[in-house]
Amino acid sequence: MANPDDLQRLTSANGDSAGSLASRLGIEILELTAERVVGRMPVEGNTQPYGLLHGGASVALAETLGSVGAALHAGGGRIAVGIEINATHHRSAGSGHVTGVATRVHGGRSLATYEIEITDDQGRRLCTSRLTCMLRDA
């Protein structure tokens, strides 16, 4: 398991990571285990010119949640580095929050893979993503 200081840095929207992309996007972590990470993000402030959630913001949410899960899986003294991500955008959102659920599909010694489902406030799937992280010593 990663140490508490690392988890604070990885998941804090207002702490040590104040300048991080996750903080700027307003990502909040709601549930946190190596098997499953849940987080949410506001649509407002994360839109493209037409007022819809930016696809890149969805991918950033997905990578944040999957990377946090992979870091937990990796354990202390190790880090998780994203090496591949893909995303399929199914529908758009123009307001409210989106929620991402990252579920581990593979947890090995050197790689961890997560599937991330992003839904809107009505529970409709907006995006499906898959992230693979390389796990290595810090």
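Only a predicted model underlies this, so the values are computations on that prediction, with no experimental measurement involved.
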Can you tell me how far apart [atom1] ([X]) and [atom2] ([Y]) are? Round to the nearest 0.5 Å.
X	Y	atom1	atom2	answer
Arg36	Leu65	CZ	CG	11.0 Å
His106	Cys133	NE2	SG	11.5 Å
Arg104	Leu72	CZ	CG	9.5 Å
Glu28	Thr99	CD	OG1	9.5 Å
Ile83	Thr113	CD1	OG1	7.5 Å
Glu117	Cys127	CD	SG	10.0 Å

Looking only at non-hydrogen atoms, find the nearest pair between [X] and [Y] and report the distance.
X	Y	answer
Leu61	Gly100	CD2-N, 4.1 Å
Ser58	His89	CB-CE1, 4.0 Å
Val43	Gly94	CG1-C, 3.7 Å
Ile27	Ala60	CD1-O, 4.4 Å

Examine [X] and [Y] and state if one hydrophobic cluster contains both, with Ile, Leu, Val, Met, Phe, Trp and Tyr joined whenever side-chain heavy atoms are less than 4.5 Å apart.
X	Y	answer
Tyr114	Leu30	no
Val105	Ile116	no
Val38	Leu131	no

Exercise. So His90 and Leu126, side-chain contact (heavy atoms from CB on, under 4.5 Å) or not? Walk me through it.
Worked result: CA-CA 5 Å; His90 308 290; Leu126 304 178; 6.0 Å; no
For this session: Quick one: list whatever passes salt bridge (charged side-chain N to carboxylate O under 4.0 Å, His left out) with Glu44, sequence neighbours left out.
Result: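 Expected list: none.
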Problem set entry | Sequence-distant partners of Glu84, salt bridge (charged side-chain N to carboxylate O under 4.0 Å, His left out), two or more places apart |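 Counting only residues at least two positions away or on another chain, Glu84 forms a salt bridge (charged side-chain N to carboxylate O under 4.0 Å, His left out) with Arg130.
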Problem set entry | Ser110 side-chain N/O to Leu135 backbone N/O, donor-acceptor pair under 3.5 Å |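 Answer holds: no.
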Exercise. Short question: side chain of His73, backbone of Leu111 - any donor-acceptor pair under 3.5 Å?
Worked result: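 Not at all, since once roles are kept as given, no pair shorter than 3.5 Å links the two residues.
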Exercise. How is the hydrophobic cluster of Ile79 composed, in terms of its other members, when Ile, Leu, Val, Met, Phe, Trp and Tyr link through side-chain heavy atoms under 4.5 Å apart, directly or indirectly?
Worked result: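 Its cluster partners, ordered by chain and number, are Val81.
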For this session: Pick out which of Thr64, Ile118, Leu53 makes a side-chain contact (heavy atoms from CB on, under 4.5 Å) with Met41.
Result: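 The option that passes is Leu53.
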Problem set entry | Candidate pair Val37 and Leu32, rule side-chain contact (heavy atoms from CB on, under 4.5 Å), full reasoning | CA-CA 5 Å; Val37 180; Leu32 184 63; 4.1 Å; yes
Exercise. Should we say atom CZ of Arg109 is surrounded by more than 12 heavy atoms from elsewhere, each under 6.0 Å from it?
Worked result: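 No, not enclosed.
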For this session: Check whether any side-chain heavy atom of His54 sits under 4.5 Å from a side-chain heavy atom of Thr47, and report yes or no.
Result: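 They are not in side-chain contact.
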